[in-house]
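See structure below.
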Amino acid sequence: MPGCFKKTLFALASLISFVSFILIVVAMGTPKWMTGKILCKTGADLVNATDPELVKFIGEIYYGLFRGGKIRQCGLGGRRSKFTIFPHMVKKLNTGLHVMIIMFLCVAISFSLVSFGFCILNAIKVPYRAINGPAGACLWNFLAGGFVVLAVTSFMAAVKLHHLTERIANFRENLFRFVILEEHFEDCFWICVASATAHAVNLLLIAISGIHFPKIKTKTEEVNVTAEDIMY
């Protein structure tokens, strides 16, 4: 049986793995990975709008991995609309990269659950096989965190290098062209970053569990037996 200290560390690591699993699931299902402000450039150019008048042509956009929405401002008031990435819009985006982001997160979800199981196993008993012990728990945590990092990095590449926000903003816009004024990574993106950080913390906890702390030995007093003690 593992010691109390080791049990506590692996129990904490299993909790962190499960929390990481929940965080990734929530992030994937929430349409708030990115928000931004979009300018209806066509409308602004038609009326030669100056700085004070540009407010009437600045709308908003938000989106996640599967859906989103925007407010179009083209001089005639705001028009709200919602959209889904699949199945139509993905054809206009970098399909391979977008699907890779989703696949990376799905794999990370699986490895998070495996990591949870391995940490529970190590908290209950000492496995006979080394791969089922701390080494295995380290492996699954490393893979889970690594795939989350790949997903986050790929999403950043899609936004910054492939102009994801601009492509989504101009989807099925035949008359107007929108340009991006501002864009910000939102809570769901940072939730994924927190998930990767959680697995890094798990690696640290597992490493600490393998440290053998020196035991404190108490010095026993030597008992001197004399002839008088024997008589009594």
Side-chain angles (χ1 to χ4, degrees), residues 22-110 146-196:
I22 297 296
L23 289 177
I24 300 172
V25 171
V26 170
M28 289 185 69
T30 308
K32 275 292 181 77
W33 280 61
M34 179 68 66
T35 59
K37 292 186 177 181
I38 53 177
L39 171 67
C40 181
K41 187 169 178 57
T42 307
D45 290 343
L46 283 174
V47 299
N48 293 322
T50 57
D51 288 343
E53 298 171 334
L54 283 177
V55 178
K56 298 179 180 179
F57 297 92
I58 297 176
E60 298 177 359
I61 188 171
Y62 68 90
Y63 61 89
L65 298 179
F66 298 99
R67 64 187 188 278
K70 65 180 179 180
I71 302 175
R72 299 166 73 255
Q73 293 273 14
C74 293
L76 299 174
R79 292 180 57 188
R80 295 179 179 270
S81 63
K82 294 184 178 181
F83 54 82
T84 55
I85 304 295
F86 295 93
H88 306 294
M89 188 178 291
V90 73
K91 298 176 182 178
K92 299 294 182 181
L93 309 179
N94 189 321
T95 307
L97 186 58
H98 197 81
V99 172
M100 279 175 58
I101 295 169
I102 296 172
M103 288 181 61
F104 285 152
L105 290 176
C106 289
V107 174
I109 286 174
S110 302
F147 275 100
V148 175
V149 170
L150 285 174
V152 168
T153 305
S154 299
F155 185 77
M156 292 176 65
V159 172
K160 299 299 181 181
L161 301 180
H162 295 274
H163 310 290
L164 182 62
T165 309
E166 187 173 347
R167 292 189 183 198
I168 292 176
N170 287 286
F171 178 70
R172 288 184 176 174
E173 292 288 350
N174 299 320
L175 298 177
F176 300 100
R177 179 177 175 271
F178 292 88
V179 296
I180 309 303
L181 298 181
E182 296 178 8
E183 53 186 2
H184 306 282
F185 293 104
E186 285 298 328
D187 295 341
C188 292
F189 174 85
W190 297 114
I191 283 175
C192 285
V193 174
S195 172

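Because the structure is a prediction, the values reported are computed rather than measured.
Partners of Arg167 according to the salt bridge (charged side-chain N to carboxylate O under 4.0 Å, His left out) rule, which considers only residues two or more places apart in sequence or in another chain, do not exist here. His162 is linked by a side-chain contact (heavy atoms from CB on, under 4.5 Å) to Asn94, Leu97, counting only residues two or more places apart in sequence or in another chain. Annotation: side-chain contact (heavy atoms from CB on, under 4.5 Å) contacts of Thr95 (sequence neighbours excluded): Val90, Val99. Partners of Phe189 according to the ring-ring contact (aromatic ring centres under 6.0 Å, His included) rule, which considers only residues two or more places apart in sequence or in another chain, are Phe185.
Side-chain atoms of Phe86 and Ile102, non-hydrogen and from C-beta on, do get closer than 4.5 Å to each other.
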Practice task
Evaluate side chain to side chain contact (heavy atoms under 4.5 Å, CB included) for Arg79 paired with Cys74, printing each intermediate quantity in order.
Solution key: CA-CA 9 Å; Arg79 292 180 57 188; Cys74 293; over 6 Å; no
Exercise for the section: Test side chain to side chain contact (heavy atoms under 4.5 Å, CB included) on Val148 and Ile24 and set out the steps. Expected result: CA-CA 8 Å; Val148 175; Ile24 300 172; 3.7 Å; yes
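Taken from NZ in Lys92 to NE2 in His98, the straight-line distance is 16.0 Å, to the nearest 0.5 Å. Here Ser154 contributes atom OG and Phe147 contributes atom CZ; the two are 11.0 Å apart, rounded to the nearest 0.5 Å. Between the CE atom in Met100 and the CG atom in Leu150 there is a gap of 7.5 Å [rounded to 0.5 Å]. The CG atom of Asn174 sits 11.0 Å away from the OG1 atom of Thr42 when rounded to the nearest 0.5 Å. Rounded to the nearest 0.5 Å, atoms CD1 (Ile101) and CE (Met28) are 10.5 Å apart.
Summarising the geometry of Trp33 relative to Cys192, their closest heavy-atom pair is CH2-SG, 3.5 Å, with the distance given to 0.1 Å. Here the shortest heavy-atom pairing between Gly78 and Ile71 reads CA-CG2, 4.1 Å. Minimum interatomic distance between His184 and Met34 (heavy atoms only, all atoms of both residues): O-SD, 3.0 Å. Considering all non-hydrogen atoms of both residues, Phe178 and Ala169 come closest at CD1-O, 3.8 Å. Of all non-hydrogen atoms in Phe171 and Lys70, the two that sit nearest each other are O-NZ, 4.3 Å. Here the closest heavy-atom approach between residue Phe176 and residue Gly43 is recorded as CD2-N, 4.1 Å.
Screening residues 27-44 for salt bridge (charged side-chain N to carboxylate O under 4.0 Å, His left out) gives Lys41-Asp45 as the qualifying pairs, with residues at least two apart or on separate chains.
Ser195 places no side-chain N or O within 3.5 Å of a backbone atom of Ile191 that could act as its donor or acceptor partner.
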Could you give the side-chain donor-acceptor pairs of residues 54-68 under 3.5 Å, partners two or more places apart or in another chain?
from: Tyr63; atom 1: OH; to: Thr165; atom 2: OG1; distance (Å): 2.7
from: Arg67; atom 1: NH1; to: Gly29; atom 2: O; distance (Å): 3.3
from: Arg67; atom 1: NH2; to: Gly29; atom 2: O; distance (Å): 3.1

